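Just below is one structure, and these are the notes that go with it.
The model shown is predicted, which means the values in this text are computed figures rather than measured ones. Index from 1, following the sequence.
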Amino acid sequence: MMGLIFTYLVTYGGSLAALFNPFAGFLAYVLLGILRPESAWPWSVQPGNYSRTLAIAMLAGWVLHGFGRWNLGRGAAPIAALLAYTFWAFLSGSLSPDHDLAWSYLDRLWKITLPVVVGASLINSPGRLKALAWVILLSVAYP
């Protein structure tokens, strides 16, 4: 029961916070992405669109707040490479004879690419980077 309450709090609380502070939604998305509550607590958390709900709110907040800061510095090259790879995968997938396999791969790839781009544009201070590191550490450390 506690897993379900935690999942709902992170999903819907994070979605509400993401509309006003997209970085909070990004942190909640990373938390759910690592924890995977449907797998961690299968007896109480039913499969659902928790990450999708959070991602939509995060993207909406990101758009409403002006797409973050794009002063990426040395991080511009890796982000450009990730976007180029994603574009190439999309182009290759559209030419693939097995469209179902290609689109399932692209679906998983977009779930990584979009939050990375959003996060790269929102992390603009050492404090935010530390917050991301703590969220990753605590969610990976959960048994």
Side-chain angles (χ1 to χ4, degrees), residues 1-94 96 99-143:
M1 185 68 176
M2 294 302 288
L4 182 65
I5 293 170
F6 175 78
T7 303
Y8 282 161
L9 280 175
V10 170
T11 301
Y12 299 111
S15 295
L16 183 63
L19 295 175
F20 301 103
N21 181 5
F23 185 70
F26 171 70
L27 292 179
Y29 186 84
V30 169
L31 176 71
L32 282 185
I34 294 172
L35 273 184
R36 301 216 183 270
E38 299 96 342
S39 300
W41 307 293
W43 57 88
S44 66
V45 180
Q46 299 296 321
N49 294 323
Y50 308 113
S51 294
R52 181 176 296 157
T53 303
L54 201 45
I56 291 169
M58 176 187 67
L59 290 173
W62 185 59
V63 169
L64 289 173
H65 286 80
F67 299 99
R69 276 188 36 201
W70 286 97
N71 186 11
L72 301 177
R74 293 186 301 181
I79 295 298
L82 177 65
L83 289 173
Y85 174 75
T86 304
F87 174 74
W88 189 257
F90 175 76
L91 185 64
S92 299
S94 63
S96 171
H99 287 293
D100 292 336
L101 182 63
W103 294 124
S104 69
Y105 174 72
L106 284 172
D107 182 48
R108 285 179 285 171
L109 183 62
W110 273 111
K111 291 177 184 176
I112 297 168
T113 303
L114 240 55
V116 166
V117 170
V118 170
S121 70
L122 291 176
I123 297 174
N124 55 10
S125 69
R128 285 190 170 192
L129 187 59
K130 286 179 186 176
L132 176 61
W134 275 107
V135 166
I136 292 171
L137 176 76
L138 293 175
S139 47
V140 168
Y142 180 78

**Q.** N/O donor-acceptor pair under 3.5 Å between Ser104 side chain and Leu101 backbone
**A.** yes
Distance-only donor-acceptor hits, side chain of residues 53-60, under 3.5 Å, sequence neighbours excluded:
residue, atom, partner, partner atom, Å
Thr53, OG1, Asn49, O, 2.7

Who pairs with [X] by side chain to side chain contact (heavy atoms under 4.5 Å, CB included), at least two apart in sequence or on another chain?
X      : answer
Leu9   : Ile5
Ala102 : Ser96
Val63  : Phe67

By ring-ring contact (aromatic ring centres under 6.0 Å, His included) - contacts of [X] (at least two apart):
X     : result
Tyr85 : none
Phe87 : none
Phe90 : Trp103

First locate atom [atom1] of [X], then atom [atom2] of [Y], and finally report the distance between them rounded to the nearest 0.5 Å.
X      : Y      : atom1 : atom2 : value
Leu32  : Thr7   : CG    : OG1   : 6.5 Å
Leu109 : Leu82  : CG    : CG    : 7.0 Å
Leu129 : Leu122 : CG    : CG    : 12.5 Å
Phe23  : Ile123 : CZ    : CD1   : 5.5 Å

Taking all non-hydrogen atoms of both residues into account, name the closest pair between [X] and [Y] and its distance.
X      : Y      : result
Ala120 : Ile79  : CB-CD1, 3.7 Å
Thr11  : Ser15  : O-OG, 2.6 Å
Pro47  : Tyr50  : C-CE1, 4.4 Å
Ser51  : Tyr29  : O-CE1, 3.5 Å
Ile112 : Pro115 : O-CD, 3.4 Å

Q. Quick one: side-chain hydrogen bond (donor to acceptor under 3.5 Å, both in side chains) pairs with a partner in residues 63-76, sequence neighbours left out?
A. none
Q. Quick one: side-chain hydrogen bond (donor to acceptor under 3.5 Å, both in side chains) pairs with a partner in residues 114-136, sequence neighbours left out?
A.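 Residue pairs with at least one partner in residues 114-136: Trp62-Ser121.
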(Q) Under the rule for salt bridge (Lys or Arg N to Asp or Glu O under 4.0 Å), what residues qualify as partners of Asp100, not counting sequence neighbours? (A)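 Testing Asp100 for salt bridge (Lys or Arg N to Asp or Glu O under 4.0 Å), a comparison that skips the adjacent residues, returns none.
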Q: Can you sort out the partners of Ser139 under side chain to side chain donor-acceptor pair (under 3.5 Å), two or more places apart, ordered by chain and number?
A: none
Q. Mind checking what makes side chain to side chain donor-acceptor pair (under 3.5 Å) contact with Thr113, not counting sequence neighbours?
A.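 Result, side chain to side chain donor-acceptor pair (under 3.5 Å) vs Thr113: Thr86.
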Q) Heavy-atom distance under 4.5 Å between the side chains of Lys111 and Asp107, does that happen here? A)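 Of all side-chain heavy-atom pairs linking Asp107 with Lys111, at least one is under 4.5 Å.
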Q: Side-chain contact test, heavy atoms from C-beta onward, threshold under 4.5 Å: evaluate it for Phe26 versus Leu132 and give yes or no.
A: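 In contact.
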